Amino acid sequence: MNLEELSGLPPGAVSHFQQEGIESLYPPQAEAVEAGATEGENLVAAVPTASGKTMIATLAMLSAVERGGKALYIVPLRALASEKKAEFDAFESFGVTTGVTTGNYESTDDWLATKDVIVATSEKVDSLVRNGADWLTDLTCVVSDEVHLIDDRNRGPTLEVTLAKLRRLNPALQVVALSATVGNADEIADWLDAELVHSDWRPIDLRMGVHYGNALEFDDGSTREVPVEGSEKQEAALVRDILQEGGSSLVFVNSRRNAEAAARRLGGVSRRELTDEERTELADLADEIREDSDTETSRDLADCVERGSAFHHAGLSSTQRSLVEDAFRDRLLKVISATPTLAAGVNTPARRVIVRDWRRFDPSAGGMAPLDVLEVHQMMGRAGRPGLDPYGEAVLLANSHDDREELFDRYVWADPEAVRSKLAAEPALRTHVLATIASGFARTREGLLEFLEATLYASQSSEAGRLERVTDEVLAYLERNDFVARSGGGSESDQDTGAFTAAADLAESTDEDLEATSLGHTVSRLYLDPMSAAEIVHGLEGADERPTALGLYQLVSRTPDMYELYLRSGEDEKFGELFYEREAELLGDPPSEYEDHRFEDWLAALKTGKLLADWAAEDDEEALTERYKIGPGDLRGKVDTAEWLLGAAESLAREIDSEWTVAVREARARVEHGVSEELLELVSVRGVGRKRARQLYAAGIEEPADLRTVDKGVVLGVLKGEKTAETILENAGREDPSMDGVEPIEPDGTVATGGSSGGDGDGGSSTTTTDDADDNQSSLGDF
DNA sequence: CGTGAATACACCGGTAACCCAGTTC
DNA sequence: ACCGGTGTATTCACG
């Protein structure tokens, strides 16, 4: 279908696409248009990755906007939100505006109300619904990207419930669901009352194959000699083979350690194919990575990058991840070995994708369990760079003849699994039942069940009554913890907040009104798992003395909203000791030591809490990543989550009139900035992070007011760079921030003569060399 | 024949990832 | 279940 045949788009849209080199629609896109994508029809598009799904969504959204409406694009990852936003920003050339909102982007509702297209994560949308954002009712089109994630145990139910709520809010809403090819796209379409566009068409051909011995055999019957030389591994041979033709590769492995080891080895392959120019560019990139954070992980990564290879996993900082992704997309990096993060994340296509590990450790399976077909297909779908490769190759590695057969059967010929709703799991329902009641979507048990009838779960459920049963259990739990009350009847809850496991004492009465208590409303709005809230409330209520930071950190670390560190061998002893030393500080009731599982969890939370406490005691990144055997990205993640949970804890403390609100706020501020109590004032000045604050403090500057009055030489002596010092003084509100002619006074009191870096007078450049060292002071605080 | 380096082998430890708040004096 | 890292045994090149 030719672009010009399209109607209903904003004027200028078609020529915009033509300028981008798009002349006609791909077959699935044309099918989508025929199915009514541009006319407000509901649509499920189950098509392979990288076959132009976004364009289908774009056509629907733009036509909705042209009809005077407003569109929402739901993504599963923050990184994807930024990626889509950047893509949609181009619509501005014909007057369509885009906004993003995710947990880390601050944005106010009213600002979003003015945008035509809004990009958000599913959790953010859920949260917006809970908080009753007005503009949600203005929506006329919602796109759900990667809708097959409904299958995900943790996050799937959120997406499912959110879609159901959006549709209930606005029955005329057009729903466009984009999915990978899955086993039961028709069921999803039924659920959404949507037309189904199902296609295996790809703009670039994808060849799937298995490598065994010295041969690579493809699904179309063709073979290719890829000999394994000497002691090298299969993946090295495959990477070398394609690199000699100028193609990059992506290697998927099943653990971080494997990713790092593979990248190290593959660097030996890629380094041989680099031009001098690439070598210098890679050296620069390596420096950027080292500057971003000074940790062993960073150094290892930088060493690989210098040789044209990289590893990629969630232990990397987000900056490092983007650096690697961008350099790979720019063809500077020749190979990435990655954990599955990369398959789900931003677009990083490669000529050849190698799925080395197709089994993953899964304790519940008692060992290694094979990956889902869907997951492997997602990885393989990364093969083939549009415009660069004639076709993409996806290769599985076999180490025996039997393996070879199995891989063909299991992954090459196999159809992906069906998507199954996970809504009836108790943890998921706990949070969504409360939210549904709190935000007024349901006011009675019947209303609640009726609402749940509108979910995919209900349309799939074979086990009648299961949802109802779990719902009752969850309601009982919510009532017991004073999040929900039944009005009319005796609504006094039994106050046994200590019982965190739902007993089966179900509520018999059926026709009373359900209502969220004030506490329940708060919990729902704060986006907390009710169980987390109960744990926090209980911990705070039980505190007789002012809780310490460690106590609060351990408390939030043991909630289900914190993904805690686990104990390594020997650490149970180490943290057992810490537990006995600091037991008095911990909040709530510790489980008995004989309850193995629960005690271990408690210690694991203590470990996580201690990590946060160490961070707030100003230990540096290098020491922490080393001590806890984690990457910079993990540290950042924990700090982030703790910040959020302690913020929520502060609201809860206010809600229950706890006397420890201030203690919670302080603990939160300390973890946010990574500083001791005494530096809290200083870090409130913009440009002052944990390191600079400590240095200023050591020089006698204890609060922002001191920055306004102290001898400027002292500030310069501490902060080195003149520009830095000026900016900070300005941010502190000093009248005369200029550093012109100021001589630095070193912390030891001596007046440094301007000669320390060459003695070229007191011009602005004399201190630039020391600036770099100072810059990474904010490496973590700045994200 | 002795030294140090390269290779071979056995054993042990450890195992992916994601999202998220409303408000105040 | 399996990989990579580590520590130790074995082999080999060479003076």
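Remember, predicted model here, so these are calculated numbers, not experimental data. Numbers restart at 1 for each chain; the letters A, B, ... are given by sequence-line order, proteins then strands. Computed over heavy atoms, backbone and side chain alike; hydrogens, waters and symmetry mates excluded.
A/E375 comes within 4.0 angstrom of a base, heavy atoms only. Residue contacts shown for A/P363 are absent, as no nucleic acid heavy atom lies under 4.0 Å away. Residue A/D126 is classed as having no contact, given no heavy-atom separation below 4.0 Å to the nucleic acid. Among the protein residues, A/K629 comes within range of no part of the nucleic acid, since none of its heavy atoms lies under 4.0 Å from any strand. Using a 4.0 Å heavy-atom criterion, one finds that A/S255 contacts the sugar-phosphate atoms exclusively. Looking at heavy-atom distances under 4.0 Å, A/R359 makes contact with sugar-phosphate atoms alone, never a base. Contact annotation for A/T641: base contact, defined as any heavy-atom pair under 4.0 Å involving a base atom. Using a 4.0 Å heavy-atom criterion, one finds that A/G647 contacts the bases of the nucleic acid, with or without backbone contacts as well.
B/dA21 atom P lies 16 Å from atom CZ of A/R654, rounded to whole Å. Rounded to a whole Å, the CD atom of A/Q234 is 10 Å from the P atom of C/dC3. Atom OH in A/Y527 sits roughly 16 Å away from atom P in B/dC18 (whole-Å rounding).
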Distances for protein N or O near nucleotides 6-12 of chain B N or O, under 3.5 Å:
none

Can you check nucleotides 5-7 of chain C for protein contacts, nitrogen or oxygen pairs under 3.5 Å, and list what you find?
| residue | atom | partner | partner atom | Å |
| --- | --- | --- | --- | --- |
| C/dG5 | OP1 | A/R264 | NH1 | 3.0 |

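Here the nucleotide nearest the side chain of A/N258, chosen from B/dC18, C/dC3, B/dA17, is C/dC3. Closest approach to the A/S569 side chain among B/dC18, B/dG14, C/dG4 is made by B/dG14 (side chain taken as heavy atoms from C-beta onward). The nucleotide whose nearest atom lies closest to any side-chain atom of A/T341 is, among B/dC18, B/dA21, B/dA16, B/dC18. For A/H313, counting side-chain heavy atoms from C-beta on, the closest listed nucleotide (B/dA17, C/dC2, C/dC3) is B/dA17. Closest to the A/R356 side chain, of the nucleotides C/dC3, B/dA16, B/dC18, is C/dC3. Side-chain proximity of A/P340 to the nucleotides B/dA16, C/dG4, B/dC19 is greatest for B/dA16. Distance from the side chain of A/F361 is smallest for C/dA1 among the nucleotides B/dA16, B/dA17, C/dA1.
Mapping A/E123 and A/A314 onto DNA chain B by nearest heavy atom places A/A314 at the nucleotide closer to the 5' end. When each of A/G315 and A/D561 is assigned the nucleotide of DNA chain B bearing its nearest heavy atom, the one mapping closer to the 5' terminus is A/G315.
Side chain of A/H377 to backbone of A/Y411: a donor-acceptor contact under 3.5 angstrom is found. Using modelled atom types, one side-chain atom of A/E232 and one backbone atom of A/E229 make a donor-acceptor pair closer than 3.5 Å. With hydrogens and angles disregarded, no donor-acceptor distance shorter than 3.5 Å links the side chain of A/Q554 to the backbone of A/T608. In this structure, A/E666 contributes its side chain and A/A663 its backbone to no donor-acceptor pair below 3.5 Å. Using a distance-only test at 3.5 Å, with no hydrogens or angles considered, a donor-acceptor pair links the side chain of A/T137 to the main chain of A/D134.
Looking at A/Y73 and A/D145, their side chains do bring a donor and an acceptor atom within 3.5 Å of each other.
Rounded to whole Å, the separation between the P atoms of C/dA1 and B/dC19 comes to 34 Å.
Aromatic pair A/H597/A/F599: centroids not less than 6.0 angstrom apart.
When each of A/V376, A/L342, A/I354 is checked for a side chain to side chain contact (heavy atoms under 4.5 Å, CB included) with A/F252, only A/L342 meets the rule.
For the atom pair NE2 (A/H313) and CG (A/D634), the distance works out to 8.0 Å, reported to the nearest 0.5 Å.
Sorted by first and then second residue, the pairs that involve residues 146-159 of chain A and meet salt bridge (charged side-chain N to carboxylate O under 4.0 Å, His left out), not counting sequence neighbours, are A/E123-A/R155, A/D151-A/K422.
A/R130 and A/D126 are joined by a salt bridge, as a carboxylate oxygen and a charged side-chain nitrogen come within less than 4.0 angstrom of each other.
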